[in-house]
Amino acid sequence: FSKKKAIDEETLEELEAVLIQSDLGIAATSAIIDSLRECGSRGERLDADGAVALIEQELVSILGANTVPLVKAGQPPTVVMVVGVNGTGKTTSIGKIASMLVREGNKVMLAAGDTFRAAAAEQLEVWGNRIGCNVIRHKEGSDPAAVAFDAYQSARARGFDYLLIDTAGRLHTKSNLMEELKKIKRVISRECDGAPHEVLLVVDATTGQNAIAQARVFNEAVGVTGVVLTKLDGTARGGIVVAISQELNIPVKYVGVGEGAEDLRPFNPDRFVQGILR
Amino acid sequence: NLSARLQSVFSNLRNRGRLTEKDVDLALREVRMALLEADVNFKVARDFTTKVRERAVGEEVMKSLTPAQQVIKIVQLELTELMGGQAARIAFASRPPTVMMLVGLQGSGKTTSCAKLANLMRKQGHKPLLVAGDVYRPAAIKQLQVLGDQLGVEVFSMGDKTDPVDIAAAAVERGRSMNNSVVILDTAGRLHVDDQMMDELERIKSRVNPTEILLVVDAMTGQDAVNVASVFNDRLGIDGVILTKLDGDARGGAALSVRAVTGKPIKFVTTGEKLDALEQFHPERMASRILG
Ligand SMILES: Nc1nc2c(ncn2[C@@H]2O[C@H](COP(=O)(O)OP(=O)(O)OP(=O)(O)O)[C@@H](O)[C@H]2O)c(=O)[nH]1
Ligand SMILES: Nc1nc2c(ncn2[C@@H]2O[C@H](COP(=O)(O)OP(=O)(O)OP(=O)(O)O)[C@@H](O)[C@H]2O)c(=O)[nH]1
Ligand SMILES: [Mg+2]
Ligand SMILES: [Mg+2]
């Protein structure tokens with residue numbers, strides 16, 4: 001945008017295109033563009049640079065000005081359940097989070113709660129071997145709640161700091177699968193008051209407006225405490241987390257920026273917003 | 001939904017009696033918004049709405065007694081035409097084996113779709129060979145082998161220490177010698193902006209000359225669909241698209257975006273995790289779904 005000319009209709013349209021193309025959604029984008037248009041009509045001197053700064057401010061405030069770390073339970077193990085629709089990066093994100101926790105000196109256990117998909121437990125076991133974490137698994141087709149139960153008992157008995165529970169990908173429209181997820185949560189919370197202490201919804205940055213429906217339904221079913229936004233190393237900007245933050249008050253905790261163990265960053269709202277606007 | 005919103009745009013028509021340019025503009029704005037809500041790409045939505053405007057004006061929506069219905073009908077027809085068009089069949093090689101290569105972003109559904117295609121081919125009397133070309137993702141080869149076992153379809157693998165280009169070449173050679181009529185190559189998920197990985201696909205293509213290169217796209221993909229599709233198409237030349245996870249409630253505007261920007265047909269859709277969940281693409285059904 002040319003730096004010093006006043007905000008005009010053409011610039012507003014350019015900004016609208018940028019925001020929509022970052023998957024911010026038509027509602028949030030219209031709200032922002034309309035309010036900028038009002039600034040202009042109130043005679044407030046606002047150039048393209050000023051407009052961008054205002055938008056950034058607004059988005060950062062929605063996303064929460066501070067990064068929120070992973071929860072830590074009063075008594076170990078902290079139980080983290082990882083959920084989301086198919087293929088978003090749950091299993092890989094567990095590998096990355098575990099790797100980070102191990103590097104920070106924690107004893108981490110992984111639970112292969114995807115007992116459905118071909119080679120799901122094997123995939124998690126490869127990660128376990130890579131980073132030096134125990135993996136609790138049953139055979140394919142067994143009850144995921146039983147895996148979670150066993151993993152919790154073992155983690156607790158052996159003094160693990162964190163238990164990360166992988167679950168099968170599932171579309172939020174499948175009510176029987178959402179019931180299965182509720183059951184896993186119930187079983188864990190019966191074993192440990194307050195568990196799972198963290199429920200992370202893994203959202204693929206390439207996802208469009210459907211991510212909001214996903215967040216609503218998963219939140220309704222098991223109460224989501226944080227989002228992991230994956231595949232931000234692509235060209236998708238992940239703007240859908242703005243609506244998720246705003247509507248459901250769920251913070252983004254981590255972003256995935258690649259397929260390796262180290263490709264995880266704590267969410268930084270300023271950096272994220274700059275990725276959209278600059 | 002769009003129908004209701006268009007009705008309200010034209011609702012006070014009876015009082016005024018005739019449709020103005022402004023009414024048509026308002027109606028088109030509703031159409032464009034519906035498309036954006038459905039994840040159709042920004043520029044694709046704008047171009048599409050322009051086409052609808054030309055047709056609406058041309059078909060004299062202005063004089064119609066039921067303009068809302070007229071506009072919906074035009075939008076539906078335009079969408080269906082845009083997404084239908086040429087026959088969306090698999091092309092078979094004149095000399096077997098027919099080689100199909102599935103490509104796309106991480107997690108889009110390639111491995112599962114390879115197995116589903118093998119299942120379809122087998123039901124149609126072919127002898128398919130599945131090829132484990134993903135040497136990077138943990139347990140990717142195992143995943144394809146488990147699916148192959150479930151189907152009773154052979155999976156060709158050279159482990160994860162061999163170059164995928166060599167794996168593809170050896171697989172096609174084996175397919176030829178064992179009289180497999182169809183060879184289906186699974187490839188690793190990759191970003192369109194990962195030059196090395198896109199180069200790998202180009203090298204596989206020039207080595208085995210696939211009959212069909214199919215881009216696998218997740219139906220919930222948002223605005224980024226155009227970037228992904230155009231780069232894969234520009235670098236590789238795709239023959240068609242498989243749109244996955246249509247059993248969800250994503251409107252699937254990515255289908256329109258991908259079609260508009262590549263001109264290539266959507267050949268199949270997948271509608272579930274079971275291996276028989278693969279169907280032919282129906283343009284009119286997709287059009288209705290996008291419009292909500
Ligand atoms: N480029 C990139 N790829 C990622 C990222 N996170 C995960 N992936 C890739 O996405 C694909 C799917 O990852 P998984 O961890 O298997 O996803 P999932 O959600 O567990 O999948 P299901 O269990 O089948 O639902 C794999 O190829 C991962 O390597 C990321 O941040 N960036
Ligand atoms: N509900 C549903 N799930 C699907 C569909 N197609 C694939 N999946 C699921 O999506 C997830 C990812 O599928 P994969 O076949 O592993 O995807 P991929 O493209 O091979 O992933 P990478 O190799 O990591 O890039 C798995 O959980 C599949 O079961 C579909 O049509 N519907
Ligand atoms: Mg998984
Ligand atoms: Mg795969």
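Labels below follow one simple rule: chain letters A, B, ... track the order of the sequence lines, proteins then strands, and each chain is numbered from 1.
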Top contributor to chain B interface from A:Q209, A:E122, A:R237, A:Q21 [non-hydrogen pairs under 4.5 Å]: A:Q21
Largest heavy-atom contact set with chain B, pairs under 4.5 Å, which of A:G234, A:G208, A:A120: A:G208
Measuring from atom [atom1] of [X] to atom [atom2] of [Y], what distance do you get when rounded to the nearest 0.5 angstrom?
X: B:L35; Y: B:L79; atom1: CG; atom2: CG; answer: 6.5 Å
X: A:R130; Y: A:E125; atom1: CZ; atom2: CD; answer: 13.5 Å
X: B:T270; Y: B:L275; atom1: OG1; atom2: CG; answer: 11.0 Å

Are [X] and [Y] within salt-bridge range, i.e. N to O under 4.0 Å?
X: B:K110; Y: B:D134; answer: no
X: B:D247; Y: A:K174; answer: yes
X: A:E179; Y: A:K182; answer: yes
X: B:R235; Y: B:D195; answer: yes

Proximal component of A:E140, with respect to chain B [non-hydrogen, under 4.5 Å]: side chain
Per-residue contact mode, A:I26 against chain B (heavy atom under 4.5 angstrom): side chain
Sort [X] into side chain, backbone, both or neither according to what part of it lies under 4.5 angstrom from a heavy atom of chain A.
X: B:Q143; result: both
X: B:N227; result: side chain
X: B:R32; result: side chain
X: B:R137; result: side chain
X: B:Q145; result: neither

Options B:L105, B:V146, B:T221, B:N41, ranked by heavy-atom pairs under 4.5 Å with chain A, top entry: B:T221
Pick from B:P138, B:A139, B:A254, B:A38 with the largest number of heavy-atom pairs that fall under 4.5 Å of chain A: B:P138
Backbone N/O of A:N86 and side chain of B:K245: donor-acceptor pair under 3.5 Å: yes
